[in-house]
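Down below is the structure, laid out as structure tokens.
Lettering of chains follows the sequences in order, A, B, ..., and the numbering in each one begins at 1. The analysis underlying the following values was restricted to heavy atoms, covering all of them including side chains, and did not include hydrogens, waters or symmetry mates. Given the structure is predicted, the values throughout are model-derived calculations rather than measurements.
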Amino acid sequence: MGKGLRQDAGMLLVYVLLGIGALISIYPFYWMFTASTLTEGDIFKTSSAWLPGGNFLENLRGLESSMPVWRALLNSLIVSGVTTISTVFLSALAGYAFAKFSFKGREILFFLVLMTMMIPAQVTLVPLFIIMMKLEWINTYYALILPNMVTGFGVFLMRQQMMGFPDELIESARMDGSSEFGTFLRIVLPTMKPACAALGIVTFMNQWGNFLWPLVAVNDKEMLTLPLMLSMMVAPGNVVKYGEVMAGSVIGLVPIIILFLFFRKYFVSGAFSGSVKG
Amino acid sequence: MIQPASEQPAADKAAQQPRVHLQRKHGFSGKRAGVTPYLFVLPFFLLFLAFILYPLIYSFVLSFSKWKSGNMDFVGLDNYIHLFTDPLFGKSLLNTGMILLVQVPVMLILATCIAALLNSERLKFRGLLQVAFFLPAIIDLVTYSLVFSMFFNESSGMVNQLLQWLGLEPVAWRTDGFWAKILIICALTWRWTGYNSVIILSGLQMIPKELYEAASIDGAGSVRSFFAITVPQLKPVLLFCMILSTIGTLQIFTEPYVLTSGGPNNETLSAIQYLYQAAFKTFNFGLASAGAYIIMTIIAILSYIQLRLSKGGEI
Amino acid sequence: MRRAAWVRRGFIFFTILSLLAGCSSPTSENQGNTATPQSAGGSGAGLSGEIKVAAWNDAADALEAEIPGFNQKYPNVKVTIQRVTNNYEQIIPPLTAGMGAPDIIQTQNRDFQSFLQKFPDQFVDLTDKLQSHKDEFAKTAWAGVEKDGKAYAVPWDLGPAGVWYRKDYFEQAGIDPKTLTTWDKFIEAGKQLQSKLGGKVKMTTLDHTATGDMDIWLMLMNQLGGSFVNASGEIDFTQVANLKAMEMTKRFKDEGITVNTPTWDERIRAVVNGETATVIFPVWYAGTIRHQAKDQQGKWGVMPLPAFTEGGPNQANLGGSILAVTTQSKNQEAAWAFIEYSLLTNEGEDVQMKYGLFPSWTPYYQSENFKKNDEFFGFPLAEFFGEVSTNIPELKFPPEFMDLSKPIQDANGAVLSGKAGVEEAFKQAEEQASKASGLKIAP
């Protein structure tokens, strides 16, 4: 009896603590949503910026009239989607090779993989731009997608995961005459769902918010990604239409929340923890 | 339970097998492997060559040159010498280091606590709570800067009003260097704690329940078993988070750029921000490249040390 | 087109190999290309081609709105506006690489000399086209586009400064704006206003650590005719005008008449919530007041800057942009035609005015539209700023300004936060600026 009470009190404390933490985490998003529904004058008013207003559609219409917001959303989806799929697949492929084969140069190659995680994006900006210019890829999806098709982080994560995969299963697949790629595709990859989901979410998230490279890689209005479009609407010294920007932010938030809810169960099922156990 | 135990994939179970076993059997030797592993890593390295290595070499060349009248002139070590003698670059490194030293431990401790709470057995709404804690990682820059400037406004901000209501002095978040650093730390922690706690949670769920049951029979309270079981079991995950956070914080740019512009008096100027200014404010790409190489070297050394300390060199 | 791209894919790594081999001077291919566009005169119908214009925010909106009018005159020129941020992140790589730049770019007036120095050969010499217009531009705007007697850009808008003030607050405090002829009086009035209105309202706004901007100091030093370098191009931060302006800025803070506004948003917040009675800012702040403080319609007035001494100089400029044609452009004539139509005709400027861009091209000041009453503010806004831009001291931003601005802004911050005295801080800034730019310090 007493113990049950104490446990209930304990749970209450857990809820209170988590509740406070969650509130702090989501408040800015609440503010974003609220601001997107207010008129321009009300957003900055300390007295009225607490409750949603009825101006969302108007802000959205304003945004639609000045910027190709749906096109930007589509661009963001295409770029993030393709880079995510390719990053997951190519990282798994390379990670598998690093984990399950011994070959000449493996150590040095893997060191190169790790090195790529340490490079600040600002460093490669101008040379990358020059490459894209020479290939005439500025303002194309190629420029947005190709440099991000695989990441060192992805290969690292996948390699750590693959190291735990039982060798016996691979051997027996080989006995059955499966090709190496076939083994990877049919035997190994399906067991890596959680790791793939985790890497997928992180990649998608990073790409969704990626900013600096798209800024340089595209300048055509039709090729803008969502965060890029929003950043262009904010320039100190100019009139900034905050309500419209916030409406755009709200739109940009939806796909990523859906994605996270969808893959969440994989994401927390041990995908990352395996990565350092190898 | 939202997280059925049966979902645990084979790979994860295998991951817990003793590592010696893995080391021994790890890898299939020569003949059968042939070109296969090379083919498998080929896509990565083709992309690596084109979009990482080439730009890196290019900027390495840039780091020894200076743009003048549209030409690249070789200037030897000038850029590096300039950086090592520029107190501002030193200051930016120092700022970055100070933020790192406080922020990463604070964040990881907080994240571990949150993960432990989220791992409570009878917790309801776990999914929703996870989403809530994860969200800050995807905040867009405009909202980020607006909300934080609103919260930490010195005269009318909510944080200071709360402090005053508690009978404390309002804090000079923007005009005092020390507090501006705290502001940056708060913002960084706000943005990444939930993300890390989700990762740590995934580690928590892999700790065998029997360990806790045994401890409970021995009469250990939840606090004691947290320190006796949870923390040691979590070490690998925490290390993973620590390395990633260290790399991330050493490359910190967004927060000082968006929230404090590096001020007051350059007290929150970060190293990457210094480079950004060199490149885009004064067009000095040579200097920016040189600085980037310095920072990359620091990151590489720190990551190496962290790995060494924790695992005897085995990544 | 897509297929061509796919075919090219096969050759990527080939290309990259060749890139690796020859990554020397990327601008070389444009070096022979600095010729000015063929001489003026040819009326427009014959022009054809496509031009791209890179501009940001309001300015981009304004240019976009010029296109229909422009196309009536030049039906065969297709104009596309590229949206960019105002940090030049999209402009610098193509200029550095020597390829991929749009036909026309916008820069801030104060930065253009730096562009000219760092990217010579990238901008078309427009001297012949502009010769006859030179005297029509506000002097201080023109100073930014000229190098060695040649003009490489067209001054766009101007930012004559004034004091925006809340009429209702001034009335409540019993202050007559007409009497605020000196900054001393302004400060006194500020204290009076703050005590009458009781705590919640400050007289004006200031970035207390000069982290986000040093705009107040810039306006005050410009008002006094200060500059960053002396006549022979040596760094001269410690000239009297600069120091006096800094002392006054510091006084604003020390006398307690300012609310701290370290960012653009926070100034808006102060305005919208009525926490400040004035904003010392140029004409272009009208748009923000109009837009973000809609329900304060009719409550805002504007007066000339107070002077340092009775009857002293009281005009200053802050901000303003330019438009330049790049030598990478294949349609330089069409690019010029677009700029000419937008900035050197009354129809063009009518559009600019709609977007709050106050012209630096003075013939427009005679037009009907310029003298029009402004509905939101309730007085002829443009006309007022026309009157306070008759004699703005010319402030030449040296090509090294980008190297100088960080040290001087840091000095502003050091003074304001009491870390250093004015002279000491500015002396130190001179040394840092000299190190960064390679310029000598004035004796």
Side-chain angles (χ1 to χ4, degrees), chain B residues 46 49-51 53-55 57-58 61-62 65 67-73 82 85-88 142 145-150 152-157 172-177 180 256-269 274 276-285 287, chain C residues 12-13 15-17 19-20 23-28 30-31 87-89 92 95-96 98 111 114-115 117-122 200 202 207-213 259-266 269-270 273 275 400-403 405-407 409-410 413-414 416-417 419 432 435-437:
Chain B
L46 282 182
L49 275 180
F51 302 119
L53 191 65
Y54 168 70
I57 293 171
Y58 190 102
V61 174
L62 265 182
S65 30
W67 281 92
K68 223 176 198 175
S69 308
N71 284 314
M72 231 162 56
D73 292 342
H82 180 104
T85 53
D86 185 355
L88 197 57
V142 184
S145 85
L146 281 172
V147 172
F148 272 79
S149 75
M150 180 172 74
F152 289 90
N153 184 301
E154 288 181 9
S155 52
S156 62
W173 298 106
R174 298 304 191 76
T175 43
D176 184 285
Y257 182 66
V258 168
L259 303 179
T260 60
S261 317
N265 307 310
N266 297 315
E267 290 287 337
T268 59
L269 184 78
Y274 175 97
Y276 176 87
Q277 286 180 353
F280 289 101
K281 290 270 186 295
T282 61
F283 307 153
N284 203 336
F285 281 102
L287 195 68
Chain C
I12 308 169
F13 297 109
T15 317
I16 283 162
L17 276 183
L19 280 173
L20 275 165
C23 61
S24 56
S25 164
T27 54
S28 56
N30 285 288
Q31 236 126 49
N87 294 323
Y88 307 129
E89 286 132 332
I92 289 172
L95 291 178
T96 311
D111 298 331
S114 301
F115 274 88
Q117 195 201 35
K118 301 269 159 114
F119 305 110
D121 315 326
Q122 288 288 325
K200 280 282 170 203
K202 295 282 186 187
D207 180 347
H208 281 186
T209 57
T211 302
D213 68 73
V259 51
N260 184 18
T261 50
T263 64
W264 181 256
D265 314 330
E266 289 189 71
R269 206 164 275 141
N273 292 307
E275 289 161 21
E400 297 82 5
F401 179 67
M402 287 183 172
D403 291 322
S405 72
K406 173 91 179 137
Q409 192 166 339
D410 287 350
L416 286 176
S417 41
K419 289 210 159 69
Q432 283 164 0
K435 200 178 156 210
S437 64

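- Heavy atoms closer than 4.5 Å to chain C are found in both the backbone and the side chain of Asn153(B).
- Using modelled atom types and a 3.5 Å distance limit, the side chains of Thr175(B) and Glu154(B) yield a donor-acceptor pair.
- For Leu287(B), no part sits under 4.5 Å from any heavy atom of chain C, backbone or side chain.
- Residue Phe401(C) comes nearest to Ser114(C) through the heavy atom pair N-OG, 4.0 Å, listed as atom of the first residue, atom of the second, then distance.
- For the side chain to side chain contact (heavy atoms under 4.5 Å, CB included) with Phe148(B), the qualifying choice from Leu259(B), Val258(B), Thr260(B) is Leu259(B), the only one to do so.
- Both the backbone and the side chain of Asp86(B) have a heavy atom closer than 4.5 Å to some heavy atom of chain C.
- Using a 4.0 Å cut-off between charged nitrogen and carboxylate oxygen, Glu275(C) and Arg269(C) do not count as a salt-bridge pair.
- With chain B as partner, the option from Lys406(C), Glu400(C), Lys419(C) having the largest number of non-hydrogen pairs under 4.5 angstrom is Lys406(C).
- For a residue to count as touching a neighbouring chain, one of its non-hydrogen atoms must lie under 4.5 Å from one of that chain's; by this rule Glu266(C) touches chain B with the side chain only.
- Dense packing is recorded around NZ of Lys435(C), with more than 12 heavy atoms of other residues, nucleotides or ligands lying under 6.0 Å away.
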